[in-house]
Protein chains: 2
Amino acid sequence: MTLRDVAARAGVSFKTVSNVINGHPHVTEATRGRVQDAIDALGYRPNQSARSLRHGRSGILALAVPELTSPYFAALASEAGRAAKEHGRVLVIEETLGDVEGERVALVDLTSRLVDGVILSPLVTPQEVVVERIGETPLVMLGEHRYAVRADHVGMDSVRAARELTEHLLATGRRRIAVVGRQDGGSTGGERWLGHVQALLAADLVPDSSLVARVKAYRRADGERAVRELLAAGARPDAVLCFNDLLALGAMHTLRQAGLAVPGDVAVAGFDDIEESRYAGLTTVAPDLPLLAREAVRLLVRRVENRTVPPALVEVPFRVEVRSSTA
Amino acid sequence: MTLRDVAARAGVSFKTVSNVINGHPHVTEATRGRVQDAIDALGYRPNQSARSLRHGRSGILALAVPELTSPYFAALASEAGRAAKEHGRVLVIEETLGDVEGERVALVDLTSRLVDGVILSPLVTPQEVVVERIGETPLVMLGEHRYAVRADHVGMDSVRAARELTEHLLATGRRRIAVVGRQDGGSTGGERWLGHVQALLAADLVPDSSLVARVKAYRRADGERAVRELLAAGARPDAVLCFNDLLALGAMHTLRQAGLAVPGDVAVAGFDDIEESRYAGLTTVAPDLPLLAREAVRLLVRRVENRTVPPALVEVPFRVEVRSSTA
DNA sequence: CTGAAAGCGCTTACAG
DNA sequence: CTGAAAGCGCTTACAG
């Protein structure tokens with residue numbers, strides 16, 4: 001079932017069929033109609049591999065996220081898939097597992113020939129790798145991890161978000177704010193920590209290192225463990241600021257098991273505004289996720305079309321959603 | 001950067017390079033080494049579109065699920081992506097939104113030329129559409145919706161699972177078991193309902209239609225609404241059996257808001273064993289999801305390789321995870 | 001064990 | 001406005 005079959009049936013040259021399919025001008029209405037009828041009758045679909053070979057592009061984009069089982073990234077993938085479809089592209093979702101090797105695979109192997117470009121939500125990718133790939137392949141970076149590279153980037157102002165969230169906690173009278181989510185190595189959380197400290201200092205407070213819990217990953221279990229360890233170490237926070245919602249949900253779980261009331265004894269807040277947070281009454285920073293996804297896809301499509309256009313930095317708005325966990 | 005460039009650098013014909021890349025025999029070690037050095041030096045990657053055009057296959061598989069924001073389907077997609085990678089394939093995830101058009105797109109458009117085959121988790125696809133596509137394109141069906149078609153299928157025994165879950169509720173002394181999750185149209189939940197009724201009848205009980213809530217979709221909000229309506233209608237269940245975990249989590253939310261203790265006043269149970277359920281202490285049916293995903297991919301790869309092999313029906317084991325919501 | 005030819009299905013110039 | 005040619009990069013027979 002090829003162009004030639006359709007052409008034979010419609011009684012035209014196969015080039016004319018190609019013109020009809022690609023919506024080129026210079027085809028009479030009558031011819032167009034006849035070709036379209038033949039296409040419909042035969043159920044013809046163009047061979048995408050042949051088109052890709054000819055075009056030098058596959059029409060496939062990739063989104064590389066740490067893990068799809070994180071509700072935030074699942075929602076992001078869903079939105080990005082929709083956006084890709086609107087641009088006539090297909091989206092492949094790649095799980096990096098947040099390790100260097102996974103992110104390298106996404107950046108190097110995947111883009112090598114199958115995919116036209118990659119949207120990467122990096123956790124650990126070192127600067128050099130990004131530098132090496134930029135120029136090699138169209139790339140849009142997501143999130144807080146800012147590289148000293150002129151690359152397309154979409155994210156929210158996490159410093160300001162953390163500052164505003166901390167200000168909210170301070171405004172409700174909290175003074176001993178524990179922080180869950182700093183990490184060794186990865187710079188994730190670096191911006192959120194910075195914003196938090198800015199708010200403390202502005203209120204004439206100083207960070208208390210006995211209230212800071214580091215985590216391995218950003219899952220419920222890490223939030224649970226962090227709070228358990230804080231409490232075991234004798235910390236008595238009146239608020240827990242978590243760097244994402246899963247950490248916060250895990251933290252709430254541990255606090256309640258320890259007999260502490262939320263928000264009576266301890267307020268809890270997070271980042272992301274995943275669906276579960278709405279049900280749990282969790283105060284959180286809500287980025288405009290659909291916009292973030294759409295902008296990332298838009299920038300990537302643009303970059304695929306034109307490798308030389310100057311990189312864009314898009315900042316997506318957010319809101320602090322105040323709910324019962326801090327009210 | 002093509003085969004020819006590598007060949008030129010290695011001082012062999014480009015056919016020899018092709019042989020090396022594809023691991024064909026009849027290449028001396030010395031030649032292989034020289035070619036490999038050239039490949040590494042140039043950073044050569046084969047053009048996937050050209051390979052696909054030649055092979056008549058893209059190496060891309062699709063997984064079509066109702067929505068990626070459902071934790072169950074996100075986990076499934078994650079596992080299936082891993083499994084596809086183990087087979088040297090790439091997985092495209094398609095959201096059908098659980099409507100006829102979305103599932104048609106997945107079955108017809110996506111498979112038309114880009115993708116070698118589709119794993120479909122259908123909610124509403126009518127029998128005719130499956131019949132039409134089967135034979136046209138490699139297809140593996142997932143879940144409860146059984147079609148009277150000889151198609152590859154992977155699922156758990158939902159009838160038995162619902163029966164066992166109901167038996168558990170009966171064993172803990174519950175007698176007025178509400179059911180949340182029947183649907184108009186879609187046969188989803190049909191098997192679970194059947195298993196539930198079997199267990200009731202075996203215990204000399206009969207289904208009470210005033211305890212059955214229909215839902216539009218399988219999200220938290222639907223579970224909330226269903227229980228709210230049941231309570232408003234004067235129903236006083238001592239258990240709520242929900243056809244998935246999100247419904248159950250929504251149900252628990254409403255029950256607690258209504259001042260009812262779980263499980264003191266009302267037990268709650270679900271299906272899927274999503275991560276949140278472990279934290280919420282929700283009793284649920286836990287299918288072997290990694291196995292389900294791996295088997296689906298395995299069957300699809302097999303089908304792509306051989307269109308005539310007889311269809312396989314794979315049944316995946318499950319466990320009833322008893323937790324505090326029914327204990 | 002390696003080389004030259006043909007062709008996968010399409011699109012992009014180029015003629016007419 | 002439509003047709004004949006060339007070629008995208010690869011692999012698959014087929015020779016040698």
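Note that the coordinates shown come from a computational prediction; the quantities given were computed from them, not determined experimentally. Naming convention: chains lettered A, B, ... in sequence-line order (proteins, then strands); numbering from 1 in each chain.
Protein atom CG of A:Leu3 is 16 Å distant from nucleotide atom P of D:dT2, rounded to whole Å. Atom-to-atom, CZ of A:Arg54 to C1' of C:dC8 comes out at 14 Å; the value is rounded to the nearest Å. If you measure from atom CG of A:Asn19 to atom P of D:dA4, you get 14 Å, rounded to the nearest angstrom. Atom CZ in B:Phe14 sits about 12 Å away from atom P in D:dC8, given to the nearest Å. Distance CG (B:Asn47) to P (D:dG9): 7 Å, rounded to an integer number of Å. What separates CD of B:Gln48 from C1' of D:dC8 is a distance of 15 Å, to the nearest Å. For A:Leu114 and D:dC10, the CG to P distance is 14 Å, given to the nearest whole Å. The CZ-P distance, from A:Arg45 to C:dG9, rounds to 17 Å in whole Å.
A donor and an acceptor atom, one from each side chain of A:Ser78 and B:Glu67, are nowhere located under 3.5 Å apart.
Between D:dT11, D:dG9, C:dC10, one nucleotide has an atom nearer to the side chain of B:Ala50 than all others, and that is D:dG9. Among C:dT12, D:dT11, D:dG9, the nucleotide with an atom closest to any side-chain atom of A:His55 is C:dT12.
Panel note: side chain A:Asp5, backbone A:Thr2; a donor-acceptor pair is recorded below 3.5 Å.
Contact annotation for A:Thr28: backbone-only contact, meaning every heavy-atom pair under 4.0 Å involves sugar-phosphate atoms and none involves a base. B:Thr31 comes within 4.0 angstrom of sugar-phosphate atoms only, judged by non-hydrogen atoms across all strands, and of no base.
Between A:Glu136 and B:Arg45, none of the side-chain N atoms (NZ, or NE/NH1/NH2) sits under 4.0 Å from a carboxylate O, so this pair counts as no salt bridge. Residues A:Asp152 and A:Arg303 are paired through a salt bridge, judged by an N-O separation under 4.0 Å between the basic side chain and the carboxylate. At a threshold of 4.0 Å, the pair B:Lys85-A:Glu94 counts as salt-bridged, since one of the basic side-chain nitrogens sits closer than that to a carboxylate oxygen.
For the pair A:Ser18 and C:dT11, the criterion of a side-chain N or O lying under 4.0 Å from OP1 or OP2 is met. Note on A:Thr16: a side-chain N or O is less than 4.0 Å away from OP1 or OP2 of D:dG3. Dashed line: the shortest gap from a side-chain N or O of A:Arg51 to OP1 or OP2 of C:dT11 is under 4.0 Å. At D:dT11, one or more side-chain N or O atoms of B:Asn22 fall inside 4.0 Å of OP1 or OP2 (strictly under the cut-off).
Heavy-atom nearest nucleotides on DNA chain C were determined for B:Val12 and for B:Leu53, and the one closer to the 5' end corresponds to B:Val12.
Under the Watson-Crick or G-U wobble criterion, with both distances below 3.5 Å, D:dA15 is paired with C:dT2.
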